[in-house]
Enquirer: 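What follows is a structure written as structure tokens; I'll ask about it next.
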Amino acid sequence: MEEHYDPQEIELKWQKRWEKKNLFRVTESAQKSKYYLLEMFPYPSGKIHMGHVRNYSIGDVLARSLRMKGVNVLHPMGWDAFGLPAENAAIKNNTHPARWTFDNIRTMRSQLKRLGLSYDWDREVASCHPGYYRWTQWLFLKMLERGLAYRKMALVNWCGSCQTVLANEQVEGGCCWRCGQPVGQKEVEGWFLKITEYAERLLKGCDELTDGWPERVLVMQRNWIGKSVGAEVSFSVEGDSEEIRIFTTRPDTLYGATFMILAPEHPMVKQLVAGTPQKAQVLEFVQQVAREDRLLRTAETTEKRGVFTGRYALNPLTGDAIPVWVANYVLLEYGTGAIMAVPAHDQRDLEFARKYGLPVRVVIHPPEGELDEKTMTDAYLETGTLVNSGSFNGLGNEEAQGKIISYLEAKNIGRGAVNYRLRDWGISRQRYWGCPIPVVNCPGCGVVPVPYDDLPVILPLDVPVTAEGGSPLARDSRFVNISCPCCGGPARRETDTMDTFICSSWYFDRYTSPRFEQAPVDTQAIRYWMPVDQYIGGIEHAVLHLLYARFFTMVLKDLGLIHVEEPFLRLLTQGMVIKDGAKMAKSKGNVVDPDAIIKRYGADTARLFILFAAPPEKDLEWSDQGVEGSHRFLQRLWRLVQQHRDRLTGADLPTNGTGKLPESLGQLRRRTHLTVKRVTEDLGGRFHFNTALSAIMELVNDLYRFDFEAQNSPETAGVLREALEVCLQLLSPFAPHLADELWEHLGHTSCLIEHPWPTWDPACIEAHEHLIVLQVNGKVRGRLTVKPGTPEEEIRRLALENDRVQRWTEGKAVKKIVVVAEKLVNVVIG
RNA sequence: GCCGGGGUGGCGGAACUGGUAGACGCACGGGACUUAAAAUCCCGGGUCCCUAAAGGGCGUGCGGGUUCGAUUCCCGCCCUCGGCACCA
């Protein structure tokens, strides 16, 4: 009898052996079909947490099973290594961000290796390595060349705690995505990427991804892009040469525009009020709104307030003079920052009109009922017929939209227009630990790109990182002062660094040729591996990373670097790891350290539990007892193999079907093949790891219950060997170390991942008999077994003769009999 | 408010195209082994009625519908989680 199951010993043994054999290294191969399996690379924050274990265990099951199925699987790992936590930790612990980062990478890499994950570590990348960020800078310069990167002064999100600008996507409910502190507004000059230019493509792509991506992620992305179709219309101002441009989604209500509103920040406000009696009051109002909390101001419940500017505009269709107001509910950043107010058909405008006694004019009449513009309190938003609309009267309002747009275009006072909620991506960060933006600011030449040959612009490591605020790079004169690449005169380097989300927007491309020296990617390798066939990661990146990565892929495609429009064919968003009803988090004190679990039970148990406790996309409730249970199962399998080792020496696998075997043995063989089928189907396509495991558990239970002493024959040994081998093969993607160890106990000298995935023999699966459920009026009343191929007539007769059925049908007229082949008979009585 | 998930035993979860609801696991109860306990192995279990067995009623958030038959399809609600939200 073999020694006790000792996970520590066997796991290290097999990890070493796999590494020595280079089992996970892959190269392009025209003979094999490829599969690019990617899990989101981690931020090296210190140690891995259960969320990582879950993410990477899910990936590893797929990677290993696909390899066994003969697929060429690219399964890489790396580090999203630039970012604020490194800098903050460095300040706090008086160390260097690079030091902190690389120490963490070392720790976390060894933790991932301890989990037995099948990565090709030769392809490891770290985004903070010059060999990587050189190409991040290269891509930035290409975008600069194409006008996709630009610099502007803008009102941006400012996190006072992190002392840096944030992109819109990085503000969650008014707070910083990283530190959770409230985000303010600040006028700052910085760099932007024109993601808005790709809004339509990003939107269209969402439709292509419906098969492979979760619906909710696509919905979030569509919401975020926020496309609105309508018209842009110019309103002339009485006594002024300038016009006010507005965007509306309801050109059909243009006749109902009875006043206009500008955002308080609108650049025209100052000139409009110049010389009016209202000037002081308006400017006071503008100042007042500017001081208000942004989050509060944009809340729906906030009271609408405004002031009259003293000026009038002309409704371009009615010719009426309508008052121009300034109000808090109109936002500068959406549309043109000005609106036409149609109180009869917009709830917000109606509330505003009622409050300030402004006129209401109904221009759409409902199919039934009346609208009274004097008393109505709910704006009419439904479809209807145009009234009070000149020559458009009588048209359906939807039809009128197009007609009015055509009219505006003909008169040159407006045009059909599309507006997006999506804003350009602000990428400047006023911090140190990021990828330097490779440009030079020259007093004579302006913004000058660093020549490609001079890349990378190295992030100097000997810069003191302090908490005093402002970019540490700006204080390093050796970094800042440079001669202009264009004119040779004195110039200053850009000291902002890039948002780390840029680094993570193309890392998956780099994995295909991680050490390539001539370009960010080797076209050959990209052609072979991209797109990513399956991407796995947390839902928290539904908009952020996943939107940015899609944008970058489209840019790379336009640059001719890649052939695909979308980077990730299929996306699996794994659920969170929950304990005591809340997400595991240090702040909540409910964290379970993966190291502790591995130390106590081994990596196989940790992986098994996390894959068994819940389907991958759902939240997983951590359970110490559940972990015990998973560990018990592995021990149970261990004992089963030890118990039968002697019996199996020299046993040959059964060859043909189950027909010649004794009944119970044939049954066992059938169960074995059924298990192969179930597990294979649960892993392929639908990622039901929990049910795949329960199928394996059932087979193990069957083996425990089988009386091998009563049927001690070479045949029995053969069937048993097959069953055990199948168990190990099927289990190997989940618990690879234990599987390989027991595989060796069964006399094999190779690793399971080198073996093909088992197949099931349809002949073995064929049932010797079918269980027929007998129903009367849809309720189960009895059961019946029949031989396969029993004619329907016979089954019908047996069902009617069945005494359990007769108990219910006695004295009743049989109205109908439904027979489902091999499954069920339902007798319908009156 | 709009959009998207999700409501199944004490708990995590099964049931792939409508066909035995509750697989598998946890917790629990019983038995075997043991001087005893732990470990292990075997058995049990939705709920109510019935002394028990046999048998039956009710059961997948609620109310209807379609169907021989509904956790599954349709209609109308309720609850819950997540996203967006004064977006013109």
Side-chain angles (χ1 to χ4, degrees), chain A residues 172-173 214-224 226-228 230 246-250 253 257 261 263 297-304 327-331 333-342 345-349 351-352 419-421 539-540 542-543 573 575-576 578 608-609 612-615 617-630 632-633 635-636 639 678 681-682 685-686 688 690-698 700-701 704-705 771-783 804 807 815-820 822-829:
Chain A
E172 296 170 347
E215 183 60 23
R216 61 174 174 154
V217 175
L218 294 174
V219 167
M220 281 191 234
Q221 294 218 349
R222 286 194 193 103
N223 281 349
W224 190 262
K227 180 179 181 176
S228 301
I246 61 103
F247 173 77
T248 178
T249 53
R250 296 294 304 277
T253 64
I261 305 177
R297 176 180 159 195
T298 53
E300 202 172 358
T301 46
T302 300
E303 201 197 344
K304 293 165 184 53
N328 62 343
Y329 75 97
V330 175
L331 309 170
E333 61 270 22
Y334 188 78
T336 60
I339 63 160
M340 63 171 193
V342 185
H345 306 291
D346 183 287
Q347 191 58 33
R348 296 156 298 175
D349 296 347
E351 283 167 27
F352 193 80
N419 198 53
Y420 299 93
R421 209 189 76 108
I539 187 75
E540 66 272 18
V543 175
T573 49
M576 293 183 297
I578 304 285
L608 195 73
F609 166 72
F612 179 64
E617 66 282 355
K618 286 188 72 172
D619 286 349
L620 179 149
E621 175 79 34
W622 184 266
S623 155
D624 291 330
Q625 285 166 327
V627 177
E628 291 273 359
S630 294
R632 257 199 308 266
F633 168 72
Q635 287 180 310
R636 195 166 145 86
R639 279 192 302 269
R678 282 174 66 185
E681 287 172 353
D682 280 350
R686 39 177 249 170
H688 288 200
N690 52 338
T691 51
L693 282 167
S694 67
I696 300 172
M697 288 172 178
E698 281 181 64
V700 169
N701 289 345
Y704 263 93
R705 283 169 205 149
L771 179 72
I772 307 287
V773 172
L774 304 178
Q775 296 183 334
V776 178
N777 282 0
K779 286 191 192 293
V780 179
R781 299 301 182 187
R783 285 169 185 82
R804 293 183 160 281
R807 196 182 300 186
K815 291 209 298 200
K816 189 176 175 184
I817 302 173
V818 181
V819 182
V820 181
E822 301 177 0
K823 267 193 180 153
L824 155 150
V825 178
N826 188 12
V827 181
V828 186
I829 57 171

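Residue numbers start from 1 in every chain, and the chains themselves are labelled A, B, ... in the order their sequence lines are given, proteins ahead of strands.
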Enquirer: Choose from B:U20, B:C3, B:C58 the nucleotide whose nearest atom is closest to any side-chain atom of A:V773.
Expert: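 So the side chain of A:V773 is nearest to B:U20.
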
Enquirer: In whole angstrom, give me the gap between the P atoms of B:G55 and B:C42.
Expert: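 Straight-line distance between the two P atoms is 27 Å.
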
Enquirer: With a 3.5 Å cut-off and no angle check, do the side chains of A:N701 and A:R636 form a donor-acceptor pair?
Expert: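 Side-chain D/A pair, A:N701 to A:R636: present.
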
Enquirer: Using whole Å, what does the distance between atom P of nucleotide B:C24 and atom CE of A:M697 come to?
Expert: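 That distance rounds to 11 Å.
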
Enquirer: Mind checking the C1' distance from B:C16 to B:G64? Whole angstroms is fine.
Expert: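 Taking atom C1' in both B:C16 and B:G64, they lie 29 Å apart.
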
Enquirer: From NZ of A:K815 over to C1' of B:U67, roughly how many Å is that when rounded to an integer?
Expert: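 Going from NZ in A:K815 over to C1' in B:U67 covers 13 Å.
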
Enquirer: Please determine whether a side-chain nitrogen or oxygen atom of A:R632 lies at a distance below 4.0 Å from atom OP1 or OP2 of B:C26.
Expert: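 A:R632 to B:C26 OP1/OP2: side-chain N or O found under 4.0 Å.
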
Enquirer: When the distance from CD of A:E333 to P of B:A88 is rounded to whole Å, what number comes out?
Expert: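 That distance rounds to 13 Å.
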
Enquirer: Between B:A14 and B:G4, how far is it from one C1' atom to the other, in whole Å?
Expert: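 Rounded to whole Å, the distance is 25 Å.
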
Enquirer: Could you check which of B:G55, B:U20, B:A15 has an atom nearest any side-chain atom of A:R807?
Expert: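 From the listed options, B:G55 comes nearest.
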
Enquirer: With distance as the sole criterion, do the side chain of A:E215 and the base of B:G5 form a donor-acceptor contact below 3.5 Å?
Expert: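 No, no donor-acceptor pair under 3.5 Å.
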
Enquirer: Is the distance from OP1 or OP2 of B:C41 to the nearest side-chain N or O of A:Y704 less than 4.0 Å?
Expert: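 Answer is yes, contact under 4.0 Å.
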
Enquirer: Pair A:D682, A:R678 - check salt bridge (charged side-chain N to carboxylate O under 4.0 Å, His left out), show working.
Expert: CA-CA 6 Å; A:D682 280 350; A:R678 282 174 66 185; 5.6 Å; no

Enquirer: Watson-Crick or G-U wobble partner for B:C86, using a 3.5 Å limit on both distances?
Expert: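 With both distances under 3.5 Å required, B:C86 matches none.
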
Enquirer: Does the side chain of A:S228 get closer than 4.0 angstrom to OP1 or OP2 of B:A88 through an N or O atom?
Expert: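 Result: yes.
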
Enquirer: Considering only the C1' atoms, how many Å lie between B:A15 and B:A21, rounded to the nearest integer?
Expert: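 My reading of the C1' atoms in B:A15 and B:A21 gives 7 Å.
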
Enquirer: Does B:U35 have a Watson-Crick or wobble partner in any strand here, with both distances under 3.5 angstrom, and which is it?
Expert: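 Here B:U35 is not engaged in any pair, so there is no nucleotide opposite it.
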
Enquirer: Roughly how far apart, to the nearest Å, are B:C26 and B:C75 at atom P?
Expert: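 After rounding to an integer number of Å, I get 41 Å for this pair.
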
Enquirer: From CG of A:N777 over to C1' of B:U67, roughly how many Å is that when rounded to an integer?
Expert: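 Checked: the CG to C1' distance equals 13 Å.
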
Enquirer: Do any side-chain nitrogens or oxygens of A:R686 fall under 4.0 Å of OP1 or OP2 in B:A14?
Expert: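 Answer is no, no contact under 4.0 Å.
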
Enquirer: Would you say a side-chain N or O of A:N223 is under 4.0 Å from OP1 or OP2 of B:G4?
Expert: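 Looking at the OP1 and OP2 atoms of B:G4, neither is under 4.0 Å from any side-chain N or O of A:N223.
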
Enquirer: Any strand counts, and the cut-off is 3.5 Å on both contacts for Watson-Crick or G-U wobble. Which nucleotide pairs with B:G4?
Expert: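 Base-paired to B:C81.
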
Enquirer: A:Q625 or A:E698: which one's nearest nucleotide on RNA chain B is closer to the 5' end?
Expert: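 The residue mapped nearer the 5' terminus is A:E698.
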
Enquirer: Below 4.0 angstrom from OP1 or OP2 of B:C41, is there any side-chain N or O of A:R705?
Expert: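 Answer is no, no contact under 4.0 Å.
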
Enquirer: What's the closest nucleotide to the A:N690 side chain, out of B:C86, B:G13, B:G19?
Expert: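 Of B:C86, B:G13, B:G19, B:G13 is nearest to the side chain of A:N690.
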
Enquirer: Is B:C73 paired to anything, Watson-Crick or G-U wobble with both distances less than 3.5 Å, and if yes, which nucleotide?
Expert: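 For B:C73, the partner nucleotide comes out as B:G65, under the 3.5 Å rule.
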
Enquirer: Look at A:R781 and B:G69 and indicate whether a side-chain polar atom (N or O) is within less than 4.0 Å of OP1 or OP2.
Expert: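 The answer is no; no side-chain N or O of A:R781 sits under 4.0 Å from OP1 or OP2.
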
Enquirer: Where does B:G82 land, syn or anti, once you apply the within-90°-of-0 test for syn?
Expert: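 Anti.
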
Enquirer: Any N or O donor-acceptor pair linking the side chain of A:R783 to the base of B:U20 at under 3.5 Å?
Expert: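 Yes.
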
Enquirer: Give a yes/no on whether any side-chain N or O of A:N328 is located under 4.0 angstrom from OP1 or OP2 of B:C86.
Expert: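 The answer is no; no side-chain N or O of A:N328 sits under 4.0 Å from OP1 or OP2.
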
Enquirer: In whole Å, measure the gap between the P atoms of B:G44 and B:C50 for me.
Expert: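 The same atom, P, in both gives a distance of 25 Å.
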
Enquirer: Got a donor-acceptor contact below 3.5 angstrom from the A:N690 side chain to the A:A613 backbone?
Expert: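 No; zero donor-acceptor contacts below 3.5 Å.
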
Enquirer: B:C86 phosphate, OP1 or OP2: any side-chain N/O from A:K304 under 4.0 angstrom?
Expert: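 So the side chain of A:K304 is outside the cut-off, no N or O lying under 4.0 Å from OP1 or OP2 of B:C86.
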
Enquirer: Has A:R804 got a side-chain N or O lying under 4.0 Å from the OP1 or OP2 atom of B:G55?
Expert: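 Yes, because at least one side-chain N or O of A:R804 sits under 4.0 Å from OP1 or OP2 of B:G55.
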
Enquirer: Check whether any side-chain nitrogen or oxygen of A:K779 sits under 4.0 Å from OP1 or OP2 of B:C58, and answer yes or no.
Expert: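 So the side-chain polar atoms of A:K779 do come within 4.0 Å of the phosphate oxygens OP1 or OP2 of B:C58, strictly under.
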
Enquirer: Would you indicate, yes or no, if B:A85 has its OP1 or OP2 atom less than 4.0 angstrom from a side-chain nitrogen or oxygen of A:R421?
Expert: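 Yes, within the criterion.
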
Enquirer: Where the side chain of A:M220 is defined as all heavy atoms beyond and including C-beta, which of B:G82, B:C87, B:U40 is the nearest nucleotide?
Expert: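 Comparing B:G82, B:C87, B:U40 against the side chain of A:M220, the answer is B:G82.
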
Enquirer: Rounding to an integer number of angstrom, what distance separates B:G45 and B:C28 when you compare their C1' atoms?
Expert: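 Here B:G45 and B:C28 have their C1' atoms 9 Å from each other.
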
Enquirer: Between A:E351 (CD) and B:G1 (C1'), how many Å, whole number?
Expert: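 Between C1' of B:G1 and CD of A:E351: 13 Å.
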
Enquirer: Taking B:C24 as the reference, what is the distance to B:G46 when you measure between their P atoms (whole Å, please)?
Expert: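 Approximately 13 Å lies between the P atom of B:G46 and that of B:C24.
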
Enquirer: Rounded to whole angstroms, how far apart are CD on A:E628 and C1' on B:A38?
Expert: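 It works out to 13 Å between those atoms.
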
Enquirer: What is the separation between atom CD on A:E621 and atom P on B:G13, rounded to the nearest whole Å?
Expert: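 These atoms are roughly 8 Å apart.
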
Enquirer: Which nucleotide, B:G4, B:A88, B:C24, lies nearest any side-chain atom of A:R216?
Expert: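 The nucleotide sitting nearest to the side chain is B:G4.
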
Enquirer: Please give, in whole Å, the distance from B:A88 P to A:F352 CZ?
Expert: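 One finds 18 Å between P of B:A88 and CZ of A:F352, rounded.
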
